[in-house]
Amino acid sequence: MTPPRSDGFVRMPDAEFEAILTRAAEEGAKRALADVGLDGDEAALDIRDLRSLVDCIRLVRRTAMQTAVRMITTGVMLALLASIAIKLKIFGGSP
């Protein structure tokens with residue numbers, strides 16, 4: 001049985017079209033996961049490990065930024081305190 005044609009296009013029921021799209025999406029996703037090596041029984045564990053690794057990288061990046069800001073702030077504060085001490089001649093500077 002041939003599908004009905006209208007203006008050069010093939011018409012099919014919406015349910016059948018949705019089923020074809022669903023099947024194609026599933027097969028495409030499986031192929032994509034297989035291409036990157038995330039297929040098989042251990043795939044879910046591998047994905048969880050990758051997510052955990054990305055979370056750790058984000059934590060390290062955030063901690064590094066916080067540490068850099070703290071070090072810069074501490075350096076600026078020490079420079080200010082040293083300049084105040086020199087200005088007030090607290091350490092017995094020359095008269």
* Structure fact -> Sorted by chain and number, sequence neighbours left out, side chain to side chain contact (heavy atoms under 4.5 Å, CB included) with E18 holds for none
Output a table of donor-acceptor pairs, distance under 3.5 Å, between side-chain atoms of residues 64-88 and any protein atom two or more places apart or on a different chain; print 'none' if there are none.
residue	atom	partner	partner atom	Å
T67	OG1	T63	O	2.8
T73	OG1	V69	O	2.8
T74	OG1	R70	O	2.7
S83	OG	A79	O	3.2
S83	OG	L80	O	2.8

* To do: Using side chain to side chain contact (heavy atoms under 4.5 Å, CB included) as the criterion, list what pairs up with E26, not counting sequence neighbours.
  => T22
* **side chain to side chain contact (heavy atoms under 4.5 Å, CB included) involving L53 - partner list, sequence neighbours excluded** => I57
* Structure fact -> Students should find that the hydrophobic cluster of L33, defined by side-chain heavy atoms under 4.5 Å apart, otherwise consists of V36, L38, I47, L50
* Do other residues, nucleotides or ligands put more than 12 heavy atoms under 6.0 Å from D35 CG? -> yes
* Separation between CD of E42 and CG of D49, rounded to the nearest 0.5 Å -> 9.5 Å
* By salt bridge (charged side-chain N to carboxylate O under 4.0 Å, His left out) - contacts of R58 (at least two apart) -> D55
